[in-house]
Enquirer: 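Encoded as structure tokens, here's the structure I'll be asking about.
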Amino acid sequence: MITAIDHLVVLVSDLDEAIATYETLLARAPAWRGGDEGSDNVLFTFDNMSLEFMAPAGTSQSAERLRTLIKLQGEGIASLCFRVADANAARYRLDRVALQPTPVADVEGRDRITGAKLTWKRTRTATETTRGVRMFFLELGSERPHSQVMGPAPVVGLDHLVISTSDPDRAAALYGARLGLDMALDRSQQDWGRLMSFHCGDLRIEVVHRPVAGSDAKNDKLWGVGWRVDDVEAARERLLAAGLTVTASRAGRHADTRVVTVRSGTRRIPTLLVQRTPLQALDEAAGAGDE
């Protein structure tokens with residue numbers, strides 16, 4: 001049913017600030033600027049997914065709902081949008097596994113700069129059935145334009161998405177049995193908890209359980225990301241030159257990876273840069289997660 005992550009939606013209060021921040025982090029330019037009656041949005045698009053920033057605009061009810069959501073939950077990753085080959089078939093499957101999908105809707109968007117048009121079909125699941133994670137399922141009518149490179153050592157795509165959970169068994173049932181993603185790893189260690197890794201296209205969804213007192217037992221959280229780069233040392237030097245705080249590179253927990261942690265300039269989204277090798281891509285289950 002699911003072929004890839006189509007895009008992640010990040011809610012922000014100030015769209016211009018978010019654009020400037022992520023142009024620096026990604027060394028990429030926005031590829032699309034759009035919006036509707038209650039929001040403005042931009043898309044950064046890579047080979048394997050898109051990153052959408054959305055900010056409330058105007059005084060409509062939709063805009064006020066977004067402002068309330070940001071006030072209650074803060075800025076951050078708000079939605080996970082999967083790519084599917086057939087939206088109607090996906091809706092049938094989602095209904096069969098009791099995820100309460102909405103009717104498939106035909107949607108159209110236009111770039112406010114170029115006037116280019118995109119169309120897609122969309123359904124979404126009831127958030128209470130997906131442990132508090134907002135999930136959409138999209139069948140695109142055509143591919144999006146890609147973001148242009150703005151500097152050396154740019155981000156080339158998403159390596160992994162991290163979802164935190166307080167109930168790993170229910171999360172495993174959701175992402176594996178109900179959504180049909182292939183589990184590549186399920187490992188626990190005393191120092192960092194339990195990690196489950198699911199293949200999704202050419203990247204991973206990593207579901208992490210770190211027991212914390214007072215955590216939300218019913219709702220999972222779209223927590224952090226790992227961005228893929230071809231040269232992690234060059235990317236680190238670029239970010240340091242831009243004034244960001246970045247750790248020294250180190251071996252990742254997955255075999256044949258080098259990673260750095262970006263500690264500023266991410267809009268408070270926990271962020272890694274990850275350099276992978278062809279050997280690691282063939283052996284996803286060799287390690288225990290980069291987080």
Enquirer: Charged N to carboxylate O under 4.0 angstrom, Lys218 versus Asp167?
Expert: no
Enquirer: Is the backbone N or O of Glu64 less than 3.5 Å from a side-chain atom of Thr68, with the two atoms forming a donor-acceptor pair by type?
Expert: yes
Enquirer: Does the side chain of Val155 come within less than 4.5 Å of Phe46's, by heavy atoms?
Expert: yes
Enquirer: How long is the straight-line distance from OG1 of Thr102 back to CZ of Phe136, given to the nearest 0.5 Å?
Expert: 8.0 Å
Enquirer: If the test is side chain to side chain contact (heavy atoms under 4.5 Å, CB included), which one of Ile269, Val225, Val208, Leu222 qualifies with Val162?
Expert: Val208
Enquirer: Does any non-hydrogen side-chain atom of Glu233 lie less than 4.5 Å from one of Gln275?
Expert: no
Enquirer: Does a side-chain N-to-carboxylate-O contact under 4.0 Å join Arg228 and Asp47?
Expert: no
Enquirer: Would you say the side-chain atoms of Ser62 and Arg65 include a donor-acceptor pair closer than 3.5 Å?
Expert: yes
Enquirer: Can you tell me how far apart CG (Leu66) and NZ (Lys71) are? Round to the nearest 0.5 Å.
Expert: 15.0 Å
Enquirer: Regarding Arg28 and the six-membered ring of Trp227, is the cationic atom NZ or CZ under 6.0 Å from the ring centre and inside 45° of its axis?
Expert: no
Enquirer: If a pair satisfies ring pair (Phe, Tyr, Trp, His ring centres under 6.0 Å) and one of its residues is in residues 2-27, list it, with sequence neighbours excluded.
Expert: Tyr22-Phe53
Enquirer: Output, in order, the C-alpha distance, side-chain angles, deciding distance and verdict of side chain to side chain contact (heavy atoms under 4.5 Å, CB included) for Phe137 and Val104.
Expert: CA-CA 9 Å; Phe137 301 79; Val104 173; over 6 Å; no
Enquirer: With the 4.5 Å side-chain cut-off for hydrophobic clustering, are Val12 and Ile19 part of the same group?
Expert: yes
Enquirer: Applying the 4.5 Å side-chain criterion to the ILVMFWY set and letting contacts propagate, would Tyr175 and Met196 be lumped into a single cluster?
Expert: yes
Enquirer: Does some side-chain heavy atom of Glu75 sit less than 4.5 Å from a side-chain heavy atom of Val10?
Expert: no
Enquirer: Does Val133 share a hydrophobic cluster with Ile70, counting links as ILVMFWY side-chain heavy atoms below 4.5 Å and allowing steps through other members?
Expert: no
Enquirer: With a 4.5 Å cut-off on side-chain heavy atoms, are Asp40 and Arg112 touching?
Expert: yes
Enquirer: Report yes if some heavy atom in the side chain of Leu138 is under 4.5 Å from a heavy atom in the side chain of Leu140; otherwise report no.
Expert: yes
Enquirer: Any Lys/Arg nitrogen of Asp159 or Arg204 sitting under 4.0 Å from an Asp/Glu carboxylate oxygen of the other?
Expert: yes
Enquirer: Heavy-atom distance under 4.5 Å between the side chains of Ser166 and Arg131, does that happen here?
Expert: yes
Enquirer: Under a 4.0 Å N-O cut-off, is there an ion pair linking Arg144 with Asp111?
Expert: no
Enquirer: What heavy-atom pair brings Val229 and Pro154 nearest, and what distance separates the two atoms?
Expert: CG1-O, 3.9 Å
Enquirer: Please report the closest heavy-atom contact between Arg267 and Asp14, naming both atoms and the distance.
Expert: NH2-O, 4.2 Å
